[in-house]
Asker: 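Here it is: the structure, laid out below.
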Number of protein chains: 2
Amino acid sequence: MNLTEAKQQFVQSWGVLGSQWGINRTMAQVHALLLIAEKPMSTDDVMEGLNISRGNANMNIRELMDWGLVDKVIISGDRKEYFSADKDIWRVATRIMAQRKKRELDPMLKVLNQLTDLEGDKKDPDIKAFTEVIGGIRKFAGHAEKTLDTIIRAEENWFLNSFIKILK
Amino acid sequence: MNLTEAKQQFVQSWGVLGSQWGINRTMAQVHALLLIAEKPMSTDDVMEGLNISRGNANMNIRELMDWGLVDKVIISGDRKEYFSADKDIWRVATRIMAQRKKRELDPMLKVLNQLTDLEGDKKDPDIKAFTEVIGGIRKFAGHAEKTLDTIIRAEENWFLNSFIKILK
DNA sequence: CACGTTTTTCACAAAATCTTGAAATTTCAG
DNA sequence: CTGAAATTTCAAGATTTTGTGAAAAACGTG
């Protein structure tokens, strides 16, 4: 396999992976493209690289910036905007965790907390059973939240940090 | 909030969460419904509970069984099949991890491995840069794989098991 | 500040995904 | 075995998600 084929393969696979995780396939492909780019790319480069429209390229690049996975790069003497992806996979992973935690886990915890105190006889076996299941999920989600927070702020934690170094 | 409202709220939220994770919204709702059901439900119960068609209910229940999240329950004296969801959230989580690892991480690792030895001059800076990025991702994915395997087989590992007990 | 360039927006189109419902198949009690 | 009940399948339709491209807005150079 040569470099060009390998790059195509990677962009393709990264896109599939993303779509399985509820991330727009094209957004994942743009990310892949920028990850393996020699140097920052312009919107036009991305359009050409993936055969997508300007609007599509623009929206996905913008969203990648929202996620903190891609940065805008100014190239002096050029009026166009260029973009490059963070190549540190650990940082990529923590950024993604942080985003998803904020968008999904936190709202879910809010709902779960609301569901734990509901009106009615606390002795009612139906209510007890429900409260128990919700309580279990809430406990789990709460620990997940704590664990994620720790990982996300890993730099501040020597124990986990040394653990992470092994992973790196 | 009363029990009925709370149940609806939970089914709704669980469905949203699932769809954000690349899981069919209805499948997640069926799962939620079974999680908080007092007793095993039939296909008809699910159809009525979520206002969905028989085919839809059937397919999603079947898929939940594939994931190992729902079991078929025989009620003697009744010809219908009944279903109930595993209420142990830790087990639910490990089952999901195991499925996703198999379906997503493992294929990705296979691709990454293929991409590391490609033809061409190993000294070519383009090739070197590419190999480096892929190598980083592969290393990360490899560690993720090991970690997940450990978690999934946690029962066999006293150290992690005691760690997990804290989480439970 | 005028004007060409670049970026953003957004209504509509296309594509991907999910749902339905009825027919085909399977199951099992009698 | 038989036949009614239950389950499964799947083509067609509905819905949701994603992509396009041209117009509008923003930008920044001279």
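Every chain is numbered from 1, with letters handed out A, B, ... down the list of sequences.
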Asker: Mind listing the closest non-hydrogen atom pair of B:Ala93 and A:Phe140 along with its distance?
Answerer: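 Smallest interatomic distance, heavy atoms only, reads CB-CZ, 3.5 Å.
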Asker: Whole-Å distance between C:dC18 C1' and B:Ile23 CD1?
Answerer: 15 Å
Asker: Kindly say if A:Arg62 contacts the phosphate of C:dT8, meaning a side-chain N or O under 4.0 Å from OP1 or OP2.
Answerer: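 Yes, within the criterion.
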Asker: Base, sugar-phosphate or nothing for A:Asp78? Non-hydrogen atoms, less than 4.0 Å.
Answerer: nothing
Asker: Between A:Arg54 and A:Gly22, which residue's closest nucleotide on DNA chain D lies nearer the 5′ terminus?
Answerer: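 Its nearest nucleotide lies further toward 5', so the answer is A:Gly22.
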Asker: A:Leu115 pairs by side-chain contact (heavy atoms from CB on, under 4.5 Å) with which of A:Ile134, A:Thr131, A:Val133?
Answerer: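 Between A:Leu115 and the candidates, side-chain contact (heavy atoms from CB on, under 4.5 Å) is satisfied uniquely by A:Ile134.
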Asker: Between A:Met65 and A:Asp71, what is the shortest heavy-atom contact and its length?
Answerer: SD-C, 4.4 Å
Asker: We want to know whether A:Arg103 and A:Gln99 form a side-chain donor-acceptor pair, criterion being a heavy-atom distance below 3.5 angstrom.
Answerer: yes
Asker: Can you see if the side chain of B:Asn56 gets near the phosphate of C:dT20 - specifically, an N or O under 4.0 Å from OP1 or OP2?
Answerer: yes
Asker: Would you mind reading off the distance between A:Asp44 atom CG and C:dT6 atom P, rounded to a whole angstrom?
Answerer: 8 Å
Asker: Write down the distance between CG (B:Leu50) and C1' (C:dT20), rounded to a whole number of angstrom.
Answerer: 15 Å
Asker: Below 3.5 Å is the cut-off: list the nitrogen or oxygen pairs between protein and nucleotides 27-30 of chain C, distance only.
Answerer:
unit_1	atom_1	unit_2	atom_2	d
C:dT27	O2	B:Arg79	NH2	2.5

Asker: Considering residues, nucleotides and ligands other than A:Lys39, do more than 12 of their heavy atoms fall under 6.0 Å from its NZ?
Answerer: no
Asker: Can you tell me if B:Asn58 touches the phosphate of C:dT19, counting only side-chain N or O atoms and a distance under 4.0 Å to OP1 or OP2?
Answerer: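 So the side chain of B:Asn58 is outside the cut-off, no N or O lying under 4.0 Å from OP1 or OP2 of C:dT19.
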Asker: How long is the line joining CE of A:Met47 and P of C:dT6, in whole Å?
Answerer: 12 Å
Asker: How many whole angstroms separate atom CG of A:Asn60 from atom P of C:dT7?
Answerer: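 From A:Asn60 CG to C:dT7 P: 16 Å.
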Asker: Working to the nearest 0.5 Å, report the span between CG of A:Asn60 and CG of A:Leu33.
Answerer: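 Atom-to-atom, A:Asn60:CG and A:Leu33:CG are 12.0 Å apart.
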Asker: When you measure from the side chain of B:Ile52, which nucleotide among C:dT19, C:dT7, C:dT20 comes out closest?
Answerer: C:dT20
Asker: Nearest whole angstrom, please: distance from the C1' of C:dT8 to the CD1 of A:Ile61.
Answerer: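 Whole-Å distance recorded here is 12 Å.
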Asker: Only counting residues at least two apart or in another chain, list the ones meeting salt bridge (charged side-chain N to carboxylate O under 4.0 Å, His left out) with A:Lys101.
Answerer: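 By the salt bridge (charged side-chain N to carboxylate O under 4.0 Å, His left out) rule, A:Lys101 matches A:Asp106, A:Glu145, A:Asp149.
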Asker: Distance check, rounded to the nearest 0.5 Å: B:Arg79 atom CZ versus B:Ser42 atom OG?
Answerer: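 Reported to 0.5 Å precision, the distance equals 14.5 Å.
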Asker: Does the distance from a Lys or Arg side-chain N to an Asp or Glu carboxylate O, for B:Arg62 and B:Glu81, drop under 4.0 Å?
Answerer: no
Asker: 5' to 3' on DNA chain D, which nucleotides open and close the contacts with chain A (atom under 4.0 Å from a heavy atom)?
Answerer: D:dT18 to D:dG28
